[in-house]
Amino acid sequence: MENYTPPFEITNKMLSYVSSISEKIGNINFQNNLQSKSHLRKNNRIRSVHSSLKIEANSLSLSQVRDVIDGHSVLGEKKEI
């Protein structure tokens with residue numbers, strides 16, 4: 001097996017293609033990670049707002065706070081919403 005010679009030669013053009021493909025795959029993975037992190041940031045923001053409202057004796061539930069942030073109608077006292 002030590003004397004095996006592959007039926008091709010690695011050229012600079014091939015290396016350029018491989019590095020270009022690797023760079024593009026890295027960019028795709030990075031963008032996918034950003035999308036998932038934005039979802040986490042939104043959930044953390046909703047929880048933070050809900051916790052802050054609880055401290056101020058607001059009676060809105062977590063799902064109601066989420067609906068208010070998303071622009072949906074929520075039943076409750078006007079000052080709490």
Side-chain angles (χ1 to χ4, degrees):
M1 217 61 198
E2 292 178 14
N3 296 329
Y4 176 76
T5 306
F8 58 87
E9 289 184 29
I10 297 175
T11 64
N12 287 335
K13 190 173 184 178
M14 290 169 79
L15 290 175
S16 175
Y17 286 148
V18 168
S19 66
S20 175
I21 291 169
S22 296
E23 183 180 345
K24 287 179 171 99
I25 289 172
N27 286 337
I28 290 170
N29 289 336
F30 178 73
Q31 289 173 355
N32 287 341
N33 285 338
L34 283 181
Q35 289 173 354
S36 67
K37 289 182 182 177
S38 68
H39 176 69
L40 293 175
R41 277 193 293 265
K42 181 178 179 184
N43 283 340
N44 286 338
R45 181 175 149 230
I46 290 169
R47 289 180 185 276
S48 176
V49 169
H50 178 255
S51 298
S52 177
L53 291 174
K54 276 293 186 193
I55 291 171
E56 297 174 5
N58 192 303
S59 65
L60 292 179
S61 68
L62 183 63
S63 62
Q64 287 174 316
V65 171
R66 184 182 318 261
D67 288 342
V68 168
I69 290 175
D70 289 339
H72 301 291
S73 297
V74 175
L75 294 176
E77 291 186 34
K78 187 174 183 176
K79 70 177 188 173
E80 290 187 347
I81 296 173

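- Lys24 contributes atom NZ, which lies 9.0 Å from atom OG of Ser19 (distance to the nearest 0.5 angstrom).
- Across all non-hydrogen atoms, the minimal contact from Val65 to Ile46 is CG1-O, 4.0 Å.
- In this structure, the side chain to side chain donor-acceptor pair (under 3.5 Å) partners of Lys42, at least two apart in sequence or on a different chain, are Asp70.
- Looking only at distances, no side-chain donor or acceptor of Glu23 sits under 3.5 Å from a matching main-chain atom of Ser20.
- Note that CG of Asn12 is 12.0 Å distant from OH of Tyr17, once rounded to the nearest 0.5 Å.
- Counting only heavy atoms from C-beta outward, the side chains of Arg45 and Ile69 approach each other to under 4.5 Å.
- More than 12 heavy atoms of other residues, nucleotides or ligands sit less than 6.0 Å from atom CG of Leu15.
- The shortest non-hydrogen separation linking Glu9 to Met14 is O-SD, 3.2 Å.
- Counting only heavy atoms from C-beta outward, the side chains of Lys54 and Leu60 never approach each other to under 4.5 Å.
- Going from atom CG of Asn27 over to atom OG of Ser22 covers 11.0 Å, rounded to the nearest 0.5 Å.
- Taken from CG in Asn58 to CD in Gln64, the straight-line distance is 9.0 Å, to the nearest 0.5 Å.
- Here the straight-line distance linking atom OG of Ser48 with atom CG of Asn43 works out to 12.5 Å at 0.5 Å rounding.
- Note that the OG atom of Ser61 and the CG atom of Asp67 stand 8.0 Å from one another [nearest 0.5 Å].
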